[in-house]
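This report concerns only the one structure given below.
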2 protein chains.
Amino acid sequence: MSKELSERKKKILHALVDLYISTGQPVSSADIQSKYLPEVSSATIRAELSALEALGYIEQPHTSAGRVPLKDAYKFYVDSIDGSNASNMLTDQETEFIRGSFFSRLGQIEDLSKEAAKIISDVTNYTSFVVDKSGDGNVTIDEIKLIPLKRGKAVVLIVTDKGMIADKAIDVKEDVKPEYIETAGKVLNKVFAGKTIDEIKEFDQKEIEQEIQGFKDIFDEVLGMLRMYISEHSSDNVFVEGALKMLDYPEYQNIDDAKQFLSVISDKDAVSEIILGDDDSIEFTVRIGKEDSGVDKCAIITAAYKVGDEVQGKAGVIGPERMDYKKVISVLDYIKKMFSSVLGSKLLNPFDDEE
Amino acid sequence: MSKELSERKKKILHALVDLYISTGQPVSSADIQSKYLPEVSSATIRAELSALEALGYIEQPHTSAGRVPLKDAYKFYVDSIDGSNASNMLTDQETEFIRGSFFSRLGQIEDLSKEAAKIISDVTNYTSFVVDKSGDGNVTIDEIKLIPLKRGKAVVLIVTDKGMIADKAIDVKEDVKPEYIETAGKVLNKVFAGKTIDEIKEFDQKEIEQEIQGFKDIFDEVLGMLRMYISEHSSDNVFVEGALKMLDYPEYQNIDDAKQFLSVISDKDAVSEIILGDDDSIEFTVRIGKEDSGVDKCAIITAAYKVGDEVQGKAGVIGPERMDYKKVISVLDYIKKMFSSVLGSKLLNPFDDEE
DNA sequence: TTTAGCACTCTATTGCTTTGACTGCTAACA
DNA sequence: TGTTAGCAGTCAAAGCAATAGAGTGCTAAA
């Protein structure tokens with residue numbers, strides 16, 4: 001397998017995957033000959049196909065059928081796509097559509113990811129997902145405020161460096177003086193401000209109690225709330241769009257396969273595990289087949305979007321093994337660029353989310 | 001059809017639906033005879049079935065097949081279930097499970113609905129949904145606060161009578177004095193406090209501008225934010241659980257039907273339209289068939305849960321026409337009771353959502 | 001009114017045959 | 001030595017006929 005393929009074998013293998021991607025049917029020697037290699041006869045191609053089969057690139061579903069690409073064939077095919085000509089794959093309408101949708105709804109970062117997932121799925125017609133790591137544990141708490149309300153309630157405000165704010169009403173005994181609340185707020189701020197959420201997670205109950213003697217009741221509420229905030233936000237945000245589109249492809253006409261696929265894809269944890277598994281340093285990953293991707297009869301293409309060197313999240317597409325790799329990579333590439341640029345400017349001014 | 005059925009016809013019709021629900025196969029006269037009416041012969045039952053067919057209750061898929069219930073048969077069957085013996089349908093384990101799950105996670109109201117949907121789906125093994133109307137337009141704004149933060153930002157707090165709080169950071173020019181913000185907050189409060197969201201929706205831009213001359217910049221931000229809040233919260237919250245379970249039933253082995261079902265059920269607006277269509281005064285509704293339910297080959301059972309006379313939301317189950325009506329009704333009934341009681345106490349103390 | 005018995009109908013299953021899409025092989029050719 | 005044409009062989013899929021089985025409706029008798 002380490003042996004280099006002859007130029008003609010490459011041509012034939014590429015043609016075969018191309019044809020298989022567009023038709024989904026086993027590809028015959030005649031197909032390849034008529035559409036890709038009219039200069040040689042089908043018999044010659046047959047001989048080459050035989051060789052490629054021996055090399056493990058392709059196989060026959062049965063003796064009298066054409067050939068179907070195997071994992072290695074897809075890998076070969078994907079490797080042959082280089083980013084430069086991939087970006088030409090999108091039509092003007094498509095880039096226009098992507099740009100338009102992307103910038104039309106520049107809301108909070110969560111909306112952005114969701115929107116991106118939607119766009120990807122719309123343009124590619126495959127199931128897409130976006131995992132947003134920005135809610136990760138290393139968010140720093142900027143400021144905590146305790147605001148008294150009517151009726152013996154108060155609100156805790158948490159401002160983080162990522163521009164996120166959490167709030168929840170807590171009880172304060174009616175007879176507590178406003179000054180008490182104010183002081184409590186100041187103490188809270190002193191304890192938490194500047195810390196990351198990861199650090200707070202490890203806070204030892206005892207250690208804290210010393211620091212804020214006498215505010216125990218309020219403090220307990222706030223700590224509980226913080227824990228809740230942590231548990232909600234420390235798991236990555238996962239957006240899946242177009243899950244049903246998979247059912248349009250012949251690979252998933254079987255109801256059991258469809259069910260298995262849908263149940264994986266609708267489990268956010270499973271999705272995030274699948275996606276975040278791979279190496280962050282690689283910008284694009286393509287995984288084909290069950291062992292690689294975790295889902296049967298599927299291929300997954302992911303792109304990491306970064307700001308500077310830090311991976312902010314990943315976007316990807318999950319589709320049939322014979323999916324339109326060129327197009328998907330083009331779309332992801334385009335999205336990635338826009339994402340990085342928008343995120344980049346956003347992080348500098350985390351609260352500027354509307355113009 | 002207005003004519004009363006003979007006692008034996010009723011017995012036979014009931015038996016037929018029972019059998020069909022448990023097997024999903026056309027029911028033959030012999031089936032009914034052996035399991036429900038051994039005292040008469042199958043020939044007699046055949047004669048009765050003939051009559052019931054003429055009355056439009058049942059039909060034969062083809063001449064040499066058994067009978068299958070039609071809409072009217074299901075309706076008859078459902079009518080024969082009375083609440084009192086329905087509640088006996090649940091086993092001790094089941095009630096224990098429901099109660100346990102329900103009270104274990106008494107978080108915010110949203111969580112409660114979601115949890116309820118999950119429980120219903122788990123116990124019945126059908127797809128369930130809960131529509132929560134508590135986010136409706138007639139939420140009153142209790143208090144609005146404007147809190148200055150560092151770095152030229154401020155936060156708007158909206159406290160409603162339903163205990164909900166929305167927040168978002170807005171920009172304030174760095175050079176604005178804290179007193180200015182404070183005054184702005186007071187003005188905002190004066191304008192909005194006590195109003196319902198519905199009323200605010202109709203606010204005329206001009207009318208307001210008069211009132212708060214000079215705070216235009218801040219006010220615009222707040223108004224935009226309020227609009228966003230309204231658009232997010234005025235649509236009802238819909239939770240769907242166990243959508244994939246439908247694929248386990250033979251009715252939905254066909255991939256196209258499955259797709260159609262899933263696409264309806266994953267469109268929250270469509271779901272909420274289906275559910276909220278019917279009369280609020282009726283506690284239970286059962287709708288069978290496409291014309292009734294909006295989804296093909298399905299039956300929908302909904303229960304309205306109320307606090308006092310006000311409908312707070314609806315919970316329901318969507319399943320095959322031949323679903324286990326008794327069990328579903330029992331479960332919904334049980335949930336309804338717990339829901340009403342929990343909600344009742346919650347509304348009195350809207351902020352008490354943790355003990 | 002009920003029942004037993006029987007003829008009839010229609011689906012589902014099975015096995016068989018035909019068709020057609022490909023291939024692999026071989027022998028001739030450049 | 002590589003390429004090609006031609007042909008025999010293979011196999012899935014489609015079509016078809018025969019059979020089995022499930023269940024009914026009808027009729028005549030109890």
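Not measured: the values here are computed from a predicted model. Every chain is numbered from 1, with letters handed out A, B, ... down the list of sequences.
Distance, B:I58 CD1 to D:dG25 P: 9 Å, rounded to whole Å. Rounded to whole angstrom, the span from the CG atom of B:L49 across to the C1' atom of C:dT2 amounts to 15 Å. Between the OH atom of A:Y20 and the P atom of C:dC22 there is a distance of 14 Å, rounded to whole Å. Separating the CG atom of A:L52 from the P atom of C:dG24 is a distance of 12 Å, rounded to the nearest angstrom. The distance from atom CD of A:E48 to atom P of D:dT4 is 11 Å, rounded to the nearest whole Å. Between B:E59 atom CD and D:dG25 atom P there is a gap of 13 Å when expressed in whole angstrom units. Taking atom CD of residue A:E53 and atom C1' of nucleotide C:dC22, one finds them 12 Å apart after rounding to whole Å. Distance, A:I45 CD1 to D:dG2 P: 17 Å, rounded to whole Å.
Looking at heavy-atom distances under 4.0 Å, A:S42 makes no contact with the nucleic acid at all. Among the protein residues, B:E39 comes within range of the sugar-phosphate backbone only, with heavy atoms under 4.0 Å from sugar or phosphate atoms but none that close to a base.
For D:dG6, neither phosphate oxygen OP1 nor OP2 lies less than 4.0 angstrom from any side-chain nitrogen or oxygen of A:R46. A sub-4.0 Å separation between OP1 or OP2 of C:dC22 and a side-chain N or O of A:S29 is absent. For C:dG24, the OP1/OP2 oxygens have a side-chain nitrogen or oxygen of A:R67 closer than 4.0 Å. The phosphate of C:dT23 has neither OP1 nor OP2 within less than 4.0 Å of any side-chain N or O from A:S28.
Taking only side-chain atoms of A:S50, from C-beta outward, the nucleotide of D:dT3, C:dG24, C:dT3 with the closest atom is C:dG24.
Remark: the A:S121 side chain and the A:K245 side chain contain an N/O donor-acceptor pair separated by less than 3.5 Å.
Between A:Y126 and A:Y249, the ring planes lie parallel to each other; the angle is under 30°, not in the 30° to 60° tilted range.
Taking the six-membered ring where the residue is Trp, the centroids of A:F129 and A:F239 are separated by 6.0 Å or more.
Salt bridge status for B:R67 with B:E53: present, with a side-chain N to carboxylate O gap under 4.0 Å.
Between B:P61 and B:T44, the residue anchored nearer the 5' end of DNA chain C, judged by the nucleotide with its closest heavy atom, is B:T44. Heavy-atom nearest nucleotides on DNA chain C were determined for B:T63 and for B:V40, and the one closer to the 5' end corresponds to B:V40.
With hydrogens and angles ignored, a donor-acceptor pair under 3.5 angstrom links the side chain of B:S64 to the base of C:dC10.
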Inset, instruction - Test side chain to side chain contact (heavy atoms under 4.5 Å, CB included) on A:E251 and A:R322 and set out the steps. - result: CA-CA 9 Å; A:E251 285 76 353; A:R322 56 169 196 92; 2.8 Å; yes
